[in-house]
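Just so we're clear, the structure is a prediction, and the values are computed from it rather than from any experiment.
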Amino acid sequence: MTQVAGRRSAEDHDRGGKRDAFGPGGTGHWTMLMDHWPLLGLRLTTPRLELRLPSEEELGELADLAAGGIHEPDRMPFIVPWTDLPPAERARSVVRHHWLRRGNWTGDNWDLNLSVFKDGRVVGLQSIAARDFAALRQVSTASWLGMRHQRQGIGTEMRAAALHLAFVGLGAADALSGAFEDNASSFTVSEKLGYEPDGVEQLAVRGRRMTMRRLRLTRARWEMHQRVSVTVAGLRPCLPLFGLPDKATA
């Protein structure tokens, strides 16, 4: 079962973030920067994984992972076909996207791109995004894994961590997802976590018509299907960045 982060005090959240603040590079400047950008201290932990913002060196590792391949070349699981780029350009696009999302962050339009670590190594990316979250209490998620890390249950565990942050940490009411009809692995993850159909959408990808099946997970459905133990550290100082009051929500 999921460990409810809200049962820890706000001070525990703060101490959790500070304790890890020297972080990936073991350098004090990470702590100094975290005073201005507290998302650097946010940590989601599951039995096998840690999700957090990467250091610059780890961002390079994430880019290398994308360059090594995410899916078979005859498929395209993304609305924007960025994985069609040559490996070096694909790697640069990961770095640019990461910097762009940090630079464009506002309390009413945010996209948290968390690197996923297993045994200390980067294995993929899990994002959670929202617009007007304070009013709508609705998030969307997206993710990818390096090919050699797929089909090991990691995708389910990392999305479960993002959902825990959304529902327990931020007080979300709904989580949205979606996938093209040929993305069986994504639908398997969604089914395990309790999502329900939420309509279809026609999109042009690689110059041809593709059907996107939208999915929705309500808080009630999430509570029925949560199976992964998740803990959150360093959340409280981040709440204003999500457009929320500086206090625990659960």
**Message:** Donor-acceptor pair, distance only, cut-off 3.5 Å: does the side chain of Trp144 make one with the backbone of Gly124?
**Reply:** no
**Request:** Using modelled atom types only, decide if a donor and an acceptor are shared between the side chain of Arg43 and the backbone of Arg52 within a distance under 3.5 Å.
**Result:** no
**Asked** Just checking, is any N or O donor in the side chain of Thr45 or Glu50 under 3.5 Å from an acceptor N or O on the other one?
**Response** no
**Message:** With clusters defined by side-chain heavy atoms of hydrophobic residues (ILVMFWY) lying less than 4.5 Å apart, directly or transitively, does Leu42 cluster with Trp37?
**Reply:** yes
**Request:** Quick one: list whatever passes ring-ring contact (aromatic ring centres under 6.0 Å, His included) with Tyr195, sequence neighbours left out.
**Result:** none
**Message:** Between Glu191 (side chain only) and Thr188 (backbone N and O only), is there a donor and an acceptor less than 3.5 Å apart?
**Reply:** no
**Asked** Would a distance-only check, ignoring hydrogens and angles, find a side-chain to backbone donor-acceptor pair under 3.5 Å from Ser190 to Phe187?
**Response** no
**Asked** Could you walk me through whether Gln126 and Thr141 pass the side chain to side chain donor-acceptor pair (under 3.5 Å) check?
**Response** CA-CA 7 Å; Gln126 175 69 58; Thr141 62; 4.5 Å; no
**Item:** pair Thr231-Leu44: side-chain heavy atoms closer than 4.5 Å
**Value:** no
**Message:** Strictly distance-based, threshold 3.5 Å: is any side-chain N or O of Gln150 a donor or acceptor partner for the main-chain N or O of Leu145?
**Reply:** yes
**Item:** Check: Ala233 main-chain N/O paired with Arg236 side-chain donor or acceptor under 3.5 Å
**Value:** no
**Item:** Glu89/Arg92 under salt bridge (charged side-chain N to carboxylate O under 4.0 Å, His left out): CA gap, chis, key distance, verdict
**Value:** CA-CA 5 Å; Glu89 294 181 36; Arg92 279 193 291 272; 5.0 Å; no
**Prompt:** Quick one: salt bridge (Lys or Arg N to Asp or Glu O under 4.0 Å) partners of Asp198, sequence neighbours excluded?
**Reply:** Arg216
**Item:** Arg206/Asp84 under salt bridge (charged side-chain N to carboxylate O under 4.0 Å, His left out): CA gap, chis, key distance, verdict
**Value:** CA-CA 9 Å; Arg206 286 178 168 174; Asp84 280 346; 2.6 Å; yes
**Asked** Judged by atom type as modelled, is there a donor-acceptor pair below 3.5 Å linking the side chain of Arg131 to the main-chain atoms of Asn109?
**Response** no
**Asked** Does the Arg214 side chain pair with the main chain of Val200, one donor and one acceptor, at a distance under 3.5 Å?
**Response** yes
**Request:** Decide if atom CZ of Arg148 counts as having more than 12 heavy atoms of other residues, nucleotides or ligands within a radius under 6.0 Å.
**Result:** no
Distance-only donor-acceptor hits, side chain of residues 167-184, under 3.5 Å, sequence neighbours excluded:
| residue | atom | partner | partner atom | Å |
| --- | --- | --- | --- | --- |
| Asn183 | OD1 | Ser185 | OG | 3.2 |
| Asn183 | OD1 | Ser186 | N | 3.3 |

